[in-house]
Amino acid sequence: MASTAIQVSNVSGVEKRSHHSTKTETVSTTIISQVVGEAMTNTSQLSFRGVRASKFRHVYGQTARKDKCYENVKITKDAHDSNCCAANPKFLAIITEVAGGGAFIVLPLEKTGRLDLNAGKVTGHAGPVLDIKWNPFNDNVIASASEDCTVKLWHIPDGGFTDNVQQWLVELRGHKRRCTYIEWHPTADNVLLSAGSDHLIFVWNIGTSTPINIIKCHPDVIYSMSFNRDGSLLATTCKDKQLRIIEPRTGRVVKEGVCHVGSKSSKVVYLGDTGRLFTTGFSRQSDRQYALWNQEDLSVPLRSEMIDSSSGILIPYYDADTRMIYVAGKGDGNIRYYEIVDEEPWIHYLTQYLSGSPQRGLGYMPKRGVQTQLCETFRFYKLHATRGLCEPISMIVPRKSETYQDDLYPDTAAPTPSLTAEEWIKGTNRDPVLMSMKTGSVLPHTVRTFKPVRYDPVERKLLTSDKNNDKKFAFITQETVVDYRPVERAESGFHDMNPSTDEDEMASSDSHENDDDEDDDDEDDSDPTAQRERIRRNHVWAIISLLEEQAKGPYHLMMRAADAKAAKTSCNLGTKFQQTQQMWSRPTRSMTQLNIISPTNGMHKANSIGIGSIGVANQRTTLSGTAFMSSDKAIEIIDAPVPGTELKRAAYDAQEEIRRLKQQLALKDRRIHELEEQLQRYKNSFIGDSTA
């Protein structure tokens with residue numbers, strides 16, 4: 001009985017457990033079905049988006065080979081947080097370590113390999129150089145800021161220096177303490193900003209070496225500066241932990257807000273024309289971080305994120321064409337890069353370039369200097385911290401095709417200013433002038449500038465000339481100036497052979513006689529008979545002039561046209577093309593540059609710019625057939641003709657000219673005699689009628 005009761009109780013327990021498990025499964029099934037139903041009705045919450053599409057997701061950094069690097073460079077050891085390096089499609093400039101004063105070296109890009117110890121440097125500063133920047137509109141002009149409180153501009157000749165250079169182009173003085181940073185205006189020519197440890201920002205017009213404005217809104221040390229796309233606004237970071245947006249022409253603070261609360265340096269860069277800013281700095285716990293801001297509201301960042309806990313200062317580099325931003329720290333061996341978008345989360349991390357060698361500074365190449373055939377979107381010049389090496393690093397988008405990629409290279413900023421300094425001072429704003437990157441795909445580094453610059457001490461201003469544009473504008477704007485003046489009689493000994501000259505003189509003498517007759521009758525203007533007589537006389541003279549024109553005949557008109565053509569050919573100063581060629585091209589010795597003055601003595605006169613050393617001895621011409629002297633230097637003649645052939649040709653042309661002039665002289669004398677007889681007959685008939 002007892003065993004039977006135990007068995008019954010066990011069976012009932014099993015039934016209860018099975019019933020409970022069945023209820024649990026039913027409840028879980030119901031929950032799962034509800035979740036699936038909600039997911040089906042609201043797919044946006046649980047949908048799988050996959051990997052974000054981006055053409056720059058696989059960008060990688062590729063270092064140059066050893067023979068393409070710059071070795072044995074004494075890189076500066078100054079702790080200042082600038083780039084210490086600047087590059088353009090022509091040159092690479094690096095701040096160097098010197099025993100006294102300050103210096104930086106300028107190397108042509110193609111001069112790679114081991115640097116000579118005696119290479120020329122720019123040594124014009126009395127203190128260490130802290131920052132250098134190339135002029136964005138002139139590849140031969142660089143600005144440097146130094147601890148000697150000055151900013152100096154230097155003109156670098158093509159090919160670089162062979163000796164040390166101490167003569168600057170322009171010196172800008174105004175700071176009371178050391179100059180720490182400089183920044184060129186992105187669209188206006190000859191506008192430069194300099195920040196100093198005196199908490200001031202000078203806006204310079206380097207054309208006149210005078211300050212446009214002095215910004216005095218910073219109470220402490222300035223850490224960085226950045227212009228927006230058209231240069232109308234300036235963003236700055238300061239030691240007081242404030243991010244400011246300033247109107248540089250007036251110094252007015254447009255917006256202001258707390259940036260990074262850490263005590264170390266912070267940097268800012270404008271994100272092109274997006275209206276947003278990117279900053280890097282430190283948190284209260286000294287963690288490195290970045291933040292994205294809207295220029296209309298600096299109270300709260302659009303996004304802020306911690307990066308790591310290293311101590312090196314992060315410096316951002318923005319590429320407006322690809323909308324990628326690169327972040328590199330001093331003392332780091334890696335470079336992180338992000339992509340900027342127009343919607344939340346506003347910025348996406350892509351990847352990073354890793355290296356075991358720490359960097360002291362990074363210079364970067366403007367977009368017009370990258371190699372499009374390699375799909376290169378950005379290029380850094382890394383200054384190694386442990387050895388004297390500058391290493392190019394190319395950021396490349398992997399593509400199988402080697403043809404030009406339109407989607408990677410939109411139109412970029414050209415080395416041409418969109419407005420002058422005077423226009424910008426008056427309040428004009430313009431976007432940068434754009435150029436197609438397809439031009440640089442034919443040959444690397446073809447988009448360069450050649451604008452010789454010099455300082456005029458008389459006008460006290462900087463004079464810049466773009467020779468390419470000067471040639472084009474001179475050819476377009478110059479009109480054809482035709483000079484029909486005869487050859488000077490004093491030099492040639494010949495009389496004017498143009499028939500119209502003597503005829504005009506005769507007509508003018510007759511008109512003077514007519515005027516004398518009219519003057520004699522001025523006293524009788526009140527007499528009606530005298531007035532009628534004067535009117536009748538004018539009619540008669542008009543009839544005489546008409547008869548003279550009719551008497552000339554078609555032969556005379558043909559001869560006159562031929563004389564005009566000959567005068568235009570022999571006495572013209574040159575057509576538009578010839579004038580422009582004489583003005584700008586290389587001078588050569590040709591017959592178009594020689595004007596025959598006299599066929600008797602064989603004397604030639606130089607008629608073009610650049611001809612020099614023409615001597616006359618014993619009534620014979622002696623041409624110096626070795627060199628022509630220009631305003632700059634002697635130019636060697638390569639295509640000079642044989643002197644004997646040239647003189648024979650000149651003599652033959654002179655004989656033909658003499659023969660033609662003799663024929664014209666004989667025809668003119670005969671025609672003058674005929675006209676004099678006809679005129680005398682008309683005068684006699686007129687006098688007879690008046691007396692009758």
Side-chain angles (χ1 to χ4, degrees), residues 82 86 93 102 104 122 124-127 129-156 167-218 222 224-228 230-236 244 246-252 270 415 417-430 432 451 453-457 459-464:
S82 66
F104 62 94
V122 179
H125 281 287
V129 178
L130 300 180
D131 196 10
I132 52 177
K133 291 284 178 65
W134 288 102
N135 189 335
F137 310 121
N138 194 337
D139 290 340
N140 294 79
V141 174
I142 189 172
S144 59
S146 172
E147 284 191 2
D148 61 2
C149 306
T150 63
V151 176
K152 295 182 180 180
L153 270 70
W154 312 84
H155 184 268
I156 311 300
Q167 186 60 40
W168 57 81
L169 192 64
V170 174
E171 184 179 32
L172 306 176
R173 288 185 173 271
H175 289 282
K176 304 301 180 184
R177 299 180 65 184
R178 65 175 189 168
C179 300
T180 53
Y181 303 100
I182 52 179
E183 190 72 29
W184 289 94
H185 196 280
T187 60
D189 194 17
N190 292 338
V191 176
L192 176 70
L193 269 67
S194 63
S197 297
D198 52 2
H199 313 161
L200 300 178
I201 295 178
F202 277 75
V203 184
W204 298 97
N205 181 358
I206 64 173
T208 58
S209 303
T210 57
I212 301 171
N213 185 30
I214 302 176
I215 301 174
K216 305 178 181 179
C217 62
H218 298 88
I222 301 167
S224 65
M225 303 180 294
S226 178
F227 276 108
N228 64 345
D230 60 358
S232 59
L233 295 176
L234 176 70
T236 63
R244 294 178 176 87
I246 306 169
E247 210 289 317
R249 282 171 288 222
T250 61
R252 181 177 65 90
Y270 244 107
S418 57
L419 61 150
T420 62
E422 290 74 16
E423 292 174 341
W424 182 77
I425 293 171
K426 293 178 182 178
T428 306
N429 294 321
R430 291 195 191 124
K451 302 176 182 178
V453 181
R454 65 182 181 86
Y455 182 78
D456 191 348
E459 298 183 3
R460 294 183 178 181
K461 61 186 301 186
L462 199 65
L463 302 180
T464 305

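Everything numeric here is computed off the predicted structure, so don't read it as measured data.
- Side-chain atoms of Asp131 come within 3.5 Å of backbone N or O of Ile182 as a donor-acceptor pair.
- Looking only at side-chain heavy atoms (C-beta outward), Thr180 and Ser197 come within less than 4.5 Å of each other.
- For the pair Pro415/Asn138, no side-chain contact is recorded, criterion being any heavy-atom separation below 4.5 Å from C-beta on.
- A side-chain contact (heavy atoms from CB on, under 4.5 Å) with Leu193 is found for exactly one of Phe227, Trp184, Trp204, namely Phe227.
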Working note: Thr236 + Arg244, criterion side chain to side chain donor-acceptor pair (under 3.5 Å); need CA distance, chi angles, decisive distance, verdict.
CA-CA 5 Å; Thr236 63; Arg244 294 178 176 87; 5.3 Å; no

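- With hydrogens and angles ignored, the 3.5 Å screen pairs a side-chain donor or acceptor of His185 with a backbone N or O of Gly231.
- Residues Val203 and Ile215 have side chains in contact (heavy-atom distance under 4.5 Å, counting atoms from C-beta outward).
- For the atom pair CD (Glu171) and CG (Leu153), the distance works out to 11.0 Å, reported to the nearest 0.5 Å.
- The CZ atom of Arg252 sits 11.0 Å away from atom CD1 of Ile246, with the distance rounded to the nearest 0.5 Å.
- Taking every heavy atom of both residues into account, Val141 and Trp134 meet most closely at O-CE3, 3.3 Å.
- Here His175 contributes atom NE2 and Ser146 contributes atom OG; the two are 12.0 Å apart, rounded to the nearest 0.5 Å.
- Distance alone, capped at 3.5 Å, is enough to place a donor-acceptor pair between the Arg249 side chain and the Trp424 backbone.
- Looking at Arg430 and Thr187, their side chains never come closer than 4.5 Å, going by heavy atoms from C-beta outward.
- In this structure, Glu422 and Asn205 have side chains that are in contact, with non-hydrogen atoms separated by less than 4.5 Å.
- The shortest heavy-atom contact between Glu147 and Leu130 is CG-CD1, 3.7 Å.
- Separating the CG atom in Leu169 from the CD1 atom in Ile206 is a distance of 8.0 Å, to the nearest 0.5 Å.
- The main-chain N or O of Lys176 is found under 3.5 Å from a side-chain atom of Asp198 such that the two form a donor-acceptor pair.
- Of the possible donor and acceptor atoms, one in the side chain of Ser226 sits under 3.5 Å from a partner among the backbone N and O of Tyr270.
- Closest approach of Lys133 to Ala86, counting heavy atoms only: CA-CB, 4.5 Å.
- Across Gly207 and Asn190, no two heavy atoms sit closer than the pair N-CB, 4.0 Å.
- Of all the heavy atoms in Ala188 and Thr420, the pair that sits closest is CB-O, 4.3 Å.
- Taken from CZ in Arg173 to OG1 in Thr150, the straight-line distance is 5.5 Å, to the nearest 0.5 Å.
- The closest side-chain heavy-atom distance from Leu192 to Leu172 is below 4.5 Å.
- The distance from the NZ atom of Lys216 to the CD1 atom of Ile201 is 13.0 Å, given to the nearest 0.5 Å.
- Annotation for His218 and His199: closest pair O-CB, 3.4 Å, computed over non-hydrogen atoms.
- Looking at Ser144 and Trp168, their side chains never come closer than 4.5 Å, going by heavy atoms from C-beta outward.
- Between Ile214 and Phe202 the shortest side-chain heavy-atom distance falls below 4.5 Å.
- Proximity of a side-chain donor or acceptor of Asn135 to a complementary backbone N or O of Ala143 within less than 3.5 Å is not detected.
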